Amino acid sequence: MIVLWGISDDGPMLAVRQELARRGAPVIFVDQFSVDTVAVDLEADSPLSGVLEVGGRGYGLGDVGAFYLRPYDSARVAAARSADAAMKIEAARVDDALLLFAELTPTIVVNRPSAMASNGSKPLQAALIAREGFDVPETLLTTDAEAAEEFRDRHGGAIYKSASGVRSRVALLDDAALGRLAGAACPLQLQSRIPGVDHRVHVVGDDIFPAVVTSSAVDYRYPGADGEAPEIASCEIPVDIAGRCVALTRALGLCLSGVDLRRTPEGRWFCFEVNPSPAYTFYEEATGAPITAALAALLAAQGVCKTWPG
Amino acid sequence: MLIVVGGANDAEARAAVAHLGPERAALLDANDLSRPGWRLLSRDPGGGQVVASGRVTPAPAIAGVVIRRLAVYPQELAHVHADDRAYVAAEMTATLAGWLSTATFPVLNRPGAGVLCGPGWRREQWLVAAAAAGIPAAGARRSTRAVAVGAASGTRTDQRLCVVGDAVIGTASPSTRERCLALARAARVSFLSVALDEHGAVVDASGLPPLTPEVVEAVARQVGLA
């Protein structure tokens, strides 16, 4: 049995559901928008057991062979449903029980919450990435404009972006930004500016799906004008870099990842980030890469993959 | 210098700093993260400088850190515009996580699983870890139907012990003390509060033990504070 958890109109979740349905795989979809129909009774002793109730039907937790989760912030989901206080509490209770199950179950989980957590601190994750042999940009966390200016000058340019998992636009550290640092409410994360071509490599188990992204924007996710709109195409990457992406994903305890790389004009490969819950359908639609099929196959294999990290 | 990472209103953290004195300890709270003086370079994990108790503190002057919180919360940031508090709290938490996960001095306990004070386990995870390590433990049950989440019927805390490195603070038999040390090893933490029932079975644990004066002294010894 495969359990899917998220919201029904999420791109990757919808794609995986459709593919698994096409394969005739046994799937239970836990819809966050229908949390009032969900109950969890978990017995965490070995072996793990209990019941997941969805829409009035009960399923044995010991029968779950794979779990793919893309939960949204339950508070936002509840707000979208105009849920009352009691429903919000119930939603939080169900969320935590499912997150606990994701941590404890010995089956394949894409991805375990604890493994995904490194993405919540970019400096922390960068240290893990460097430990696995990738080049990473030098980073400064500072509340001092003087230190920021010295850093920028030493590197011939710097960018700043959020240190947390909150999405932000990558921006060049110009004099105006330096001026704002004096009154900053918290340390600013600066990185040396790395020239080159962006690549996004999706890793699904042992499979990789590299794509090259061409854009003149500082952050291709936020093109400022038509001319900056990204062009995305499948590509090949060096075997050693491909292997390093798979090894990095595994070292982080992940089965699925979106690895952000940049290849410099000199041929060096820098890794900026590993996204543990990638919205990969954006790249799949652009390139035709069969990421959904690979992910569905990984989930459908169920008990075969119990040696996966976590 | 022992840095206590905690909230400005954390009475135990403030008492711990007062107990050791301003020359030996400082409290690093959310206000400090908004002050000039922070400089942390990724290529120099043992260097840089932070701000604690309002003072710039070079990293080489830090003997160790004890973490008293899981995250920085928006509610602490009255000095920040209300619209920005959630973002700033996340940035502060991420900054601390990055610093404390790579710092070269002892950290009790290093960040893990998305929280500042690792390992970030729920009660059931502690019980499962204890059982896996051969330590008697209460049954780990969770039901979304229960009114009181997490409280297994029939479990009652009879005593609490605190692990600091290889030491166990509190009165207990050698076997019980060894169980606590074994649980800390299983969780890969050096600072742990363990709750046990009357039979010596683990009923709960936490990486955020109370900072009694005895525990504070043990922490100071653990990090090699003179």
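Side chains are part of it too, since the values below use all heavy atoms of this structure and drop only hydrogens, waters and symmetry mates. For clarity, every value in this text was computed on a predicted model and none was experimentally measured. Proteins come first, then strands; the chains are lettered A, B, ... in the order of their sequence lines, and each starts at number 1.
Here B:Glu124 contributes atom CD and A:Leu42 contributes atom CG; the two are 7.0 Å apart, rounded to the nearest 0.5 Å. A:Lys122 contributes atom NZ, which lies 15.5 Å from atom OG of B:Ser42 (distance to the nearest 0.5 angstrom). Interatomic distance, A:Leu124 CG to B:Thr93 OG1, rounded to the nearest 0.5 Å: 12.5 Å.
When every heavy atom of A:Gly120 is checked against every heavy atom of B:Ala94, the shortest pair comes out as O-CB, 3.6 Å. B:Thr144 and A:Ala97 make their closest contact through CG2-CB, 3.6 Å (heavy atoms, listed as atom of the first residue, atom of the second, distance). Contact detail for B:Trp38 and A:Thr142: the closest heavy-atom pair is O-OG1, 2.6 Å. For the residue pair A:Val166 and B:Ala90, the shortest heavy atom distance occurs at CG2-CB, 4.0 Å.
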With side chain to side chain contact (heavy atoms under 4.5 Å, CB included) as the test, would you mind laying out the steps for A:Asp96 and B:Arg142 before giving the verdict?
-> CA-CA 10 Å; A:Asp96 200 63; B:Arg142 175 75 76 92; 2.9 Å; yes
What's the verdict on side chain to side chain contact (heavy atoms under 4.5 Å, CB included) for A:Glu90 and B:Arg145, showing C-alpha distance, side-chain angles and the deciding distance?
-> CA-CA 9 Å; A:Glu90 181 65 20; B:Arg145 308 174 208 268; over 6 Å; no
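Contact annotation for A:Glu53: only side-chain heavy atoms (C-beta onward) come within less than 4.5 Å of a heavy atom of chain B. When heavy atoms are compared at a cutoff of 4.5 Å, A:Phe101 does not approach chain B at all.
Applying the 6.0 Å contact sphere to CG of B:Asn9 captures no more than 12 heavy atoms from other residues, nucleotides or ligands. Residue B:Arg14 qualifies as open at atom CZ: its count of foreign heavy atoms under 6.0 Å is 12 or below. Summarising the local packing, CD of A:Glu150 is surrounded by more than 12 heavy atoms from other residues, nucleotides or ligands at distances under 6.0 Å.
In terms of heavy-atom pairs under 4.5 Å with chain B, the best-connected choice from A:Ser114, A:Ala117, A:Ala163, A:Pro123 is A:Ala163. Counting heavy-atom pairs closer than 4.5 Å to chain B, the top-ranked of the candidates A:Gln125, A:Glu43, A:Glu138, A:Met116 is A:Glu138. Between chain B and the options A:Ala184, A:Ser162, A:Ala127, heavy-atom pairs under 4.5 Å are most frequent for A:Ser162. Each of A:Val94, A:Leu100, A:Leu140 has some count of heavy-atom pairs under 4.5 Å with chain B, and the biggest count is that of A:Leu100. Here A:Asp144 is the residue among A:Val136, A:Asp144, A:Leu181, A:Leu48 with the most heavy-atom pairs under 4.5 Å with chain B. Your options are A:Leu99, A:Asn119, A:Leu128, and the one with the most heavy-atom pairs under 4.5 Å with chain B is A:Leu99. Among B:Ala137, B:Ala30, B:Ser34, the residue with the largest count of heavy-atom pairs under 4.5 Å with chain A is B:Ser34.
The interface of residues 96-122 of chain B with chain A, defined by heavy-atom distances below 4.5 Å, comprises B:Ala97, B:Gly98, B:Ser101, B:Thr102, B:Pro111, B:Ala113, B:Gly114, B:Arg122.
Under the 4.5 Å side-chain criterion, counting only non-hydrogen atoms from C-beta, B:Arg35 is not in contact with A:Thr143. By the 4.5 Å heavy-atom criterion applied to side chains, B:Arg43 and A:Thr139 are not counted as neighbours. A:Cys186 places none of its side-chain heavy atoms less than 4.5 Å from the side chain of B:Leu33.
A distance-only check finds no donor-acceptor pair linking the side chain of B:Ser143 to the backbone of A:Asp41 [under 3.5 Å].
Each of A:Ser168, A:Ser121, A:Ser164 was compared with B:Glu91 under the side-chain hydrogen bond (donor to acceptor under 3.5 Å, both in side chains) criterion, and only A:Ser164 meets it.
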